[in-house]
Amino acid sequence: MGTERGTPGGPPGASMDGPVTLQGTIEVVTFTSTETLYSVLRVRPEDGQELPSDGLFRPARITAVGRAPGPEVGQRVRITGRWEEHPNHGKQFSFDSLEPLAPADTEGLVAYLSSPTFKGIGPTIAQRIVDRLGEEALDAIREDPSCLKGIRGLKEETASALARALESSLGAHKTLAWLRSLGLGPGQSARIHTALGDKTEEKIKEDPYQLARIVEGVGFATADRIALGMDFSEDDPRRLAAGLLHTLRRSADSGHTYLAEPALLDESATVLGLDDCGPALRGELAALRSSEAVVIEGENEEGRRVYLPHLSASERGLARQLSELLSVNAKSLATADQLSAAEASSGLELHPDQRSAVLGLLAEPVGLLTGGPGVGKTTIIRLVVDLAMEAGAKVALASPTGRAAKRLAEATGHEASTIHRLLGWDPHKRGFQHDHESPLEADLVVVDEISMLDVVLAYHLCQAIGPSTRLVLVGDPDQLPSVGPGNVLSDLLDSGVVPVHRLTEIFRQAAGSLIVHNAHRVLAGELPVLPKAGDRSRDFYFFPAEDPEACADLLVDVVTKRIPETFGHDWMEDVQVLAPIYKGDCGVDVLNARLREAHGVGGMQLERGDKVWRVGDRVIQTRNDYEKEVFNGDLGRIIEVDAKDGLVVRFPERDAGYALGELSDLSPAYAITVHRSQGGEYPVVVMPMVTQHHVMLQRNLLYTAITRARTLVVVVGSRRAMERAISNTEQAERTSYLRERLRARGATPRG
């Protein structure tokens with residue numbers, strides 16, 4: 001499979017001329033997307049128009065690419081755009097607008113009406129329609145569909161369908177043209193039209209701010225610009241309400257489950273650019289509460305807590321469910337003698353804290369196991385699972401990501417899945433199959449890497465744990481917090497309600513590892529220990545480079561040459577670059593481009609806007625897709641590219657197909673951010689650190705990156721930047737009320 005001339009992707013080449021308007025008839029619809037409206041058309045130009053040629057002949061057909069709602073074979077159109085020289089597809093016409101025109105003559109009109117676009121109308125009936133209504137037949141039908149009555153052979157339902165199709169086609173084109181006149185891009189216009197339908201213009205004029213609520217890719221700033229352009233006042237109640245909701249959503253994106261009311265009002269006023277609007281904002285906040293668009297709860301020292309409804313429900317529900325589980329009297333699944341026998345058969349000699357952790361986790365309805373690298377968490381999990389299964393318990397293992405689930409399966413020797421897959425997403429009811437009414441059929445559920453667990457997913461998980469099922473949670477509190485809102489692991493630890501088993505003793509098998517040793521040194525605020533010059537037997541190295549560009553040059557050399565030559569790793573399979581930020585010479589974006597170039601992947605490819613996708617590319621999923629069972633942070637590799645259908649990515653658990661309109665869910669993954677690496681483990685981690693990264697240089701970020709590596713860590717960059725990261729223990733505080741809710745429910749502290 002490969003690309004063809006005129007296949008989807010959008011021409012990235014430079015414009016050859018200024019804007020041009022052409023007229024012609026669509027003869028072939030090579031591709032069209034009902035979601036994005038992106039279309040590839042073969043158009044026969046009308047005579048008398050200037051067209052590019054190779055000096056010998058003018059093309060009988062041109063390839064036209066752009067966005068158009070429902071392009072139809074036989075449709076006469078006026079397209080405006082420019083000629084482009086595409087690097088793979090050659091010369092083609094990239095149009096910004098497509099306007100349907102009436103056929104130029106009765107012969108064209110008959111051909112159009114008898115095209116496959118209008119079912120049930122062949123050439124004979126089309127001719128009868130034209131004979132009755134003349135060259136203005138299309139306008140006549142749109143104005144008064146009853147004009148079709150009495151035409152021999154034309155069924156009533158066919159006539160009604162024809163009238164609806166003509167009206168819808170004209171309306172869609174007019175709507176798109178109107179949306180473009182608002183300064184919206186073609187992709188945004190297509191999404192808006194798909195979301196709002198035939199009454200798009202009417203709905204937007206009534207309330208432009210609904211765009212930010214219901215259309216993905218359209219934010220508050222865009223909706224606000226449109227509204228103000230329509231002469232909405234700056235203190236319009238709809239604008240104030242939209243500003244409040246935007247501020248709450250933005251806070252959730254930053255990890256908060258709620259905002260205190262004074263902070264919400266202040267931040268919203270800043271977003272809106274208004275002074276002295278407190279009373280009006282409070283009034284709109286009350287209205288949002290009445291309409292259940294927000295939830296306002298009790299008061300702490302900062303004021304009342306304001307939540308988005310799903311975050312309030314998740315936080316309250318999680319506290320309630322955990323408290324109910326903790327109140328269950330559980331019978332231990334193993335005795336001390338049985339643990340001793342398991343130790344002997346496995347050749348283990350556990351530390352007293354480890355023995356206590358195993359027995360405690362097997363006796364408690366809910367237990368939490370924490371600790372850093374090298375302290376034996378994996379060993380404890382394996383023993384807990386083995387002893388539970390020996391007792392006849394049915395065990396389910398899960399982690400937030402596919403990568404973490406794969407690690408858990410390898411560590412225990414038993415099948416593990418993502419939490420989403422464990423709970424069973426049902427696309428029809430838009431929810432999980434397992435909940436409080438249909439709990440998981442398991443006696444013990446073990447969930448690893450819970451530092452990644454946000455409050456919403458944690459709530460759905462605990463909702464599916466029945467009263468007779470035990471829950472073991474495992475995580476490292478020093479890792480970066482979850483991408484989604486909430487502070488689940490930290491709140492559980494601080495609540496004093498959940499039994500906690502902390503492991504601190506480093507296993508002697510791990511004591512010789514500089515990865516483990518340096519991870520703990522970083523946590524203690526100390527610089528890593530580095531090998532002596534020339535020592536190639538260790539697993540942690542530092543390559544100095546102060547200048548960001550020089551650092552990037554060195555990193556590419558280290559990844560693609562030095563590591564493969566010195567340590568024998570296939571860099572495309574084993575090495576993952578983790579960068580603190582996206583921008584800059586040592587950011588994810590630049591490093592992805594440079595490493596991809598170094599890889600030299602070529603051949604079958606697909607272009608979409610300014611992005612190119614090729615077979616062999618490493619990619620990462622950027623949002624949860626429940627239907628595909630692929631989730632934010634999952635890594636894969638492109639194995640197929642098809643010009644019309646999109647591409648196929650191979651993930652650890654499955655292959656997933658991506659239509660052209662879904663490619664925005666993927667990003668290149670030769671380099672990823674440290675945040676995106678959470679839950680993953682890679683044979684080799686290479687991390688750039690330069691002072692240019694200063695906004696993200698934090699201790700827990702460096703610690704997280706180091707602990708993602710299994711056999712080798714290489715830091716490339718500035719010693720000063722590393723020192724800054726280690727000394728910076730500041731983290732953005734997340735607002736969460738889970739800890740207080742757990743304490744307030746009165747569960748008896750245990751463990």
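- The shortest heavy-atom contact between T418 and A405 is N-CB, 4.0 Å.
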Side-chain atoms of residues 451-464: list all donor-acceptor pairs with protein atoms under 3.5 Å, sequence neighbours left out, distances to 0.1 Å.
residue: D454; atom: OD1; partner: V456; partner atom: N; Å: 3.0
residue: D454; atom: OD1; partner: L457; partner atom: N; Å: 2.9
residue: Y459; atom: OH; partner: Q463; partner atom: OE1; Å: 3.3
residue: Q463; atom: OE1; partner: H436; partner atom: ND1; Å: 3.0

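- Judged by distance alone, with hydrogens and angles left aside, the side-chain atoms of E201 form no donor-acceptor pair with the main-chain N or O of W178 at under 3.5 Å.
- No side-chain donor-acceptor contact under 3.5 Å links D665 to the backbone of Q621.
- At distances below 3.5 Å, not a single donor-acceptor pair connects side-chain atoms of D96 with backbone N or O atoms of G81.
- We find that R614 and E597 are not joined by a salt bridge, their nearest charged nitrogen and carboxylate oxygen being 4.0 Å or further apart.
- For H693 (side chain) and C586 (main-chain N/O), a donor-acceptor pair under 3.5 Å exists by modelled atom type.
- Residues meeting the ring-ring contact (aromatic ring centres under 6.0 Å, His included) test with H246, sequence neighbours left out: F220.
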Residues T707, Q479; criterion side-chain hydrogen bond (donor to acceptor under 3.5 Å, both in side chains); working and verdict: CA-CA 9 Å; T707 56; Q479 299 282 339; 3.0 Å; yes

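- Heavy-atom neighbours of E415 CD from other residues, nucleotides or ligands within 6.0 Å: at or below the threshold of 12.
- With sequence neighbours excluded, the residues that form a ring-ring contact (aromatic ring centres under 6.0 Å, His included) with Y307 are Y258.
- You'll find the side chain of E72 stays beyond 4.5 Å of the side chain of I26, heavy atoms only.
- Residues that satisfy the side-chain contact (heavy atoms from CB on, under 4.5 Å) test with V590, not counting sequence neighbours, are R594.
- Residue K406 places its NZ atom among 12 or fewer non-hydrogen atoms of other residues, nucleotides or ligands, all under 6.0 Å distant.
- The OH atom of Y658 sits 4.5 Å away from the CG atom of L666 when rounded to the nearest 0.5 Å.
- For P580 against M687, the heavy-atom pair with the smallest separation is CG-CE, 4.0 Å.
- Not a single donor-acceptor pair under 3.5 Å links the side chain of R650 to the backbone N or O of G636.
- Distance alone, capped at 3.5 Å, places no donor-acceptor pair between the S39 side chain and the L41 backbone.
- The CG atom of L211 lies 4.5 Å from the CD1 atom of I204; values are rounded to the nearest 0.5 Å.
- E315 and T257 form a side-chain donor-acceptor contact under 3.5 Å, judged by distance and modelled atom types alone.
- Across every non-hydrogen atom of E267 and R250, the tightest pair is OE1-NH2, 4.4 Å.
- Proximity of D617 to V612: side-chain heavy atoms (C-beta onward) are nowhere separated by under 4.5 Å.
- A salt bridge does not link K628 to D634: none of the charged side-chain nitrogens sits closer than 4.0 Å to a carboxylate oxygen.
- Using a 3.5 Å distance cut-off with no hydrogens or angles, the side chains of T247 and S268 do pair a donor with an acceptor.
- When all heavy atoms of I620 and R676 are compared, the pair lying nearest together is CD1-CD, 3.7 Å.
- Shortest non-hydrogen contact noted between P400 and D448 is CD-O, 3.2 Å.
- Around atom CZ of R654, more than 12 heavy atoms belonging to other residues, nucleotides or ligands sit under 6.0 Å away.
- Atom OH of Y670 is separated from atom CZ of R596 by 6.0 Å, given to the nearest 0.5 angstrom.
- Between I563 and D574, every side-chain heavy-atom pair lies at or beyond the 4.5 Å cut-off.
- Under the 4.5 Å side-chain criterion, counting only non-hydrogen atoms from C-beta, N700 is in contact with L480.
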Stepwise side-chain contact (heavy atoms from CB on, under 4.5 Å) test for Y682 and V575: CA-CA 7 Å; Y682 318 97; V575 181; over 6 Å; no

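- Residues L244 and V294 have side chains not in contact (no heavy-atom distance under 4.5 Å, counting atoms from C-beta outward).
- To the nearest 0.5 Å, the span separating CG on L184 from CZ on R225 amounts to 6.0 Å.
- Put simply, the side chain of V686 does not reach to within 4.5 Å of the side chain of W571, judged on heavy atoms.
- Remark: side-chain polar atoms of R249 are not paired, donor with acceptor, to backbone N or O of L308 under 3.5 angstrom.
- S677 places no side-chain N or O within 3.5 Å of a backbone atom of G680 that could act as its donor or acceptor partner.
- Taking P69 as the reference, L37, A172, H173, L176 meet the side-chain contact (heavy atoms from CB on, under 4.5 Å) condition, with sequence neighbours excluded.
- Considering CD1 of I672 and CG of N592, their distance stands at 9.5 Å, rounded to 0.5 Å.
- Between L635 and F651, the closest heavy-atom pair is O-CD2, 3.3 Å.
- Side chain of Q321 to backbone of I465: a donor-acceptor contact under 3.5 angstrom is found.
- A212 pairs by the side-chain contact (heavy atoms from CB on, under 4.5 Å) definition with A223, not counting sequence neighbours.
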side-chain contact (heavy atoms from CB on, under 4.5 Å) between V716 and V559, intermediate numbers included: CA-CA 10 Å; V716 182; V559 169; over 6 Å; no

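- Rounded to the nearest 0.5 Å, atoms CD (E681) and CD (E449) are 9.0 Å apart.
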